[in-house]
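Structure first, commentary second.
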Amino acid sequence: MQGLMMDTPLLISSLIQHAERHHGDTEIVSRLVEGGIHRYDYRGAHRRARKLANALGALGVEKSDRIGTLAWNGFRHLEAFYGISGMGAVMHTINPRLFPEQITYIVNHAEDSYVLFDLTFAPLIEKLAPMCKSVKGWIVMTDRAHMPQAGIPNLLCYEDLVNAQPDDYEWPELDERTASSLCYTSGTTGNPKGVLYSHRSTVLHAYAAALPDALNISSRDVMLPVVPMFHANAWALPYSCALVGTKMVLPGYQLDGKSLFELFETERVTVSAGVPTVWLALLQHMSQNKLKFSTMNRTVIGGSACPPAMIRSFQEDFGVQVLHAWGMTEMSPLGTVSTFKSKHLDLPKDSKLAIQSKQGRSIFGVDLKIVDDAGKELPWDGKAFGNLLVRGPWISNGYFKGEGGDPLRKDEKGRDWFPTGDVATIDPDGYMQITDRSKDVIKSGGEWISSIDLENAAVAHPAVAEAAVIGIRHPKWDERPLLLVVKKKDTQVTREELLKFFEGKVAKWSMPDDVVFVEQLPHTATGKLLKTKLREDFKDYKLPTA
Ligand code: AMP
């Protein structure tokens with residue numbers, strides 16, 4: 001017997017419609033690439049998203065066409081999120097920090113028919129355009145007064161296109177499984193692979209991500225997503241914020257500590273989200289200038305492991321609660337968030353910090369398990385570690401155009417699981433902790449050493465700004481850990497002092513064999529440590545213990 005419930009499709013257009021109807025005067029504030037601040041509200045955003053849909057229709061864009069964007073977090077990019085997906089086309093966010101050859105590859109692979117871009121990227125587009133054969137027009141997201149003088153073929157002005165259109169547009173009632181957006185993972189090896197979201201997966205994820213034990217956002221919040229809209233759709237915040245009517249503050253390209261702090265204060269931001277590397281810069285700026293937040297009370301940190309020292313500093317020095325989260329582009333992206341259960345509330349500070357340092361419990365909709373190399377499920381005892389597999393309605397079941405083959409693994413009941421490539425433990429309360437990416441774990445004499453544990457321990461030292469640990473070949477132990485350290489400005493620390501600092505904090509056999517001080521560490525386009533490059537750079541390094 002079937003239930004007697006309406007079968008209304010879950011559509012991205014319904015999110016912005018809801019936001020307009022119930023939070024029409026809630027502000028959306030953007031720091032512009034052209035300079036200055038732009039303000040309007042959900043009513044204005046919805047109106048212009050409809051005009052954009054009309055404009056793209058007039059250019060001949062049809063359902064399923066891919067429309068690329070190379071843009072920072074700003075109001076026009078938000079309009080594109082809704083206008084493009086809402087009309088049934090596919091919103092394709094491109095990470096501008098990738099190498100130009102990768103961007104060209106991605107545009108060609110996606111067969112983008114138009115690309116919208118911020119002024120900042122005009123020189124880049126000028127270089128790429130001749131290689132991007134599918135692109136019929138390059139739409140610069142600015143007004144007539146700021147049009148670049150670049151030699152870009154078929155250059156169109158966003159404001160001209162939008163202003164020429166009426167705002168009466170009826171969002172089509174699409175099948176909820178229709179593709180809505182596309183985001184390529186910045187894999188460190190092989191070609192980038194396209195993750196293709198649907199309307200259904202996006203709306204379900206937006207619900208789950210907004211919940212109190214997840215990102216915990218509401219209509220009383222002011223959210224400033226530092227995480228860029230090209231990194232897994234800014235962790236889907238443009239959708240969750242519309243779903244609950246959160247004021248959004250979009251910071252543009254100025255992500256340095258000073259600019260961010262200014263915006264946090266002037267816009268009375270209560271909650272934010274970003275990767276550990278951006279917080280490093282903000283916290284340093286605030287410490288150096290003895291600044292405090294007036295309204296900010298929590299932040300989501302994910303994308304890489306958040307070191308306990310950073311969680312402590314945010315909470316104890318700046319009064320900001322950290323929500324440590326884990327996910328991946330293939331998971332829309334949210335998988336787990338570390339929030340307390342009521343039984344944890346009265347625990348001592350250090351025990352609470354240990355819980356928050358884990359990546360957390362899965363949000364409803366994400367099923368997790370850890371397995372050994374033979375695929376056998378491992379216990380949730382907080383000790384056994386294994387390959388982390390996931391399944392759920394907002395988790396990929398393949399890549400765009402079948403790139404890379406079938407990624408899924410079947411269990412004994414024939415159900416599909418997506419292998420995350422992460423190694424993790426899960427404790428009896430369901431808190432998952434990432435040990436490492438499976439490729440980064442250091443295999444020493446049959447034991448596994450977590451590079452994340454060593455990095456977390458190293459950054460707790462007051463002179464360490466950033467740390468990376470990689471495995472170096474060793475004649476006796478296969479691999480041993482090498483610690484690479486960027487010192488904080490105007491601080492001193494020696495190799496011996498650092499090694500001593502590890503004593504009592506990690507098992508003796510897992511202590512790094514050596515320390516190298518470096519000026520900076522390489523990062524991926526989404527701010528993660530680029531360990532493939534470090535392993536390449538240090539492949540001939542001779543450890544003193546070898
Ligand atoms: P991406 O799809 O580029 O965001 O990368 C996803 C990967 O980032 C995950 O598979 C993890 O390896 C890593 N990651 C994301 N969040 C965390 C976290 N909180 N702690 C450790 N690793 C993380």
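Please read all numbers here as calculations on a predicted model, not as lab measurements. Order of listing sets the numbers, starting from 1, for every ligand and every atom in it.
Considering backbone and side-chain N/O atoms, R437 comes within less than 3.5 Å of an N/O atom of ligand 1. Between A305 and ligand 1, a contact under 3.5 Å exists for at least one N or O pair. Note: an N/O pair closer than 3.5 Å links A325 and ligand 1 by distance alone.
Here the heavy atom of the protein found nearest to atom 11 (C) of ligand 1 is D422 OD2, 3.2 Å. Of all protein heavy atoms, the one closest to atom 4 (O) of ligand 1 is H231 NE2, 3.0 Å. The protein non-hydrogen atom at the shortest distance from atom 20 (N) of ligand 1 is Q359 NE2, 2.9 Å. For atom 13 (C) of ligand 1, the closest non-hydrogen atom of the protein is G303 O, 3.5 Å.
A donor and an acceptor atom, one from each side chain of H109 and Y184, are located under 3.5 Å apart. Under 3.5 Å, the side chains of W394 and T202 contain no donor-acceptor pair of N or O atoms. No donor-acceptor contact under 3.5 angstrom links the side chains of D427 and W380, judged on distance only.
Between Q315 and the choices K352, K349, Q356, R298, the side-chain hydrogen bond (donor to acceptor under 3.5 Å, both in side chains) rule is met once, by Q356.
Listed by atom number, the atoms of ligand 1 under 4.0 Å from H324 heavy atoms are 19 (N). Listed by atom number, the atoms of ligand 1 under 4.0 Å from M328 heavy atoms are 2 (O), 6 (C), 10 (O).
Within the 4.0 Å heavy-atom criterion, neither part of C306 lies near ligand 1. When non-hydrogen atoms are compared, ligand 1 lies under 4.0 Å from neither the backbone nor the side chain of P333.
Using a non-hydrogen distance threshold of 4.0 Å, G421 does not register as a contact of ligand 1. Note on ligand 1: K528 sits in its first shell, one or more heavy atoms being nearer than 4.0 Å. Taking a 4.0 Å cut-off on heavy atoms, A232 fails to register as neighbouring ligand 1.
Of the candidates T329, V300, V195, T329 brings a heavy atom nearest to atom 2 (O) of ligand 1.
The pair D416-R391 fails the salt-bridge criterion, with no side-chain N (NZ, NE, NH1 or NH2) lying under 4.0 Å from an Asp/Glu carboxylate O. Remark: D350 engages R312 in a salt bridge, criterion side-chain N to carboxylate O under 4.0 Å.
Every pair passing side chain to side chain donor-acceptor pair (under 3.5 Å) that includes a residue from residues 453-463 is listed here, sequence neighbours excluded: E455-K531.
Applying the ring pair (Phe, Tyr, Trp, His ring centres under 6.0 Å) rule to W326 yields no partners; only residues at least two apart in sequence or on another chain are considered.
Between Y253 and W72, the ring planes are tilted. Angles from 30° to 60° get that label.
Residue-environment remark: NZ (K401) exceeds the threshold of 12 foreign heavy atoms within 6.0 Å.
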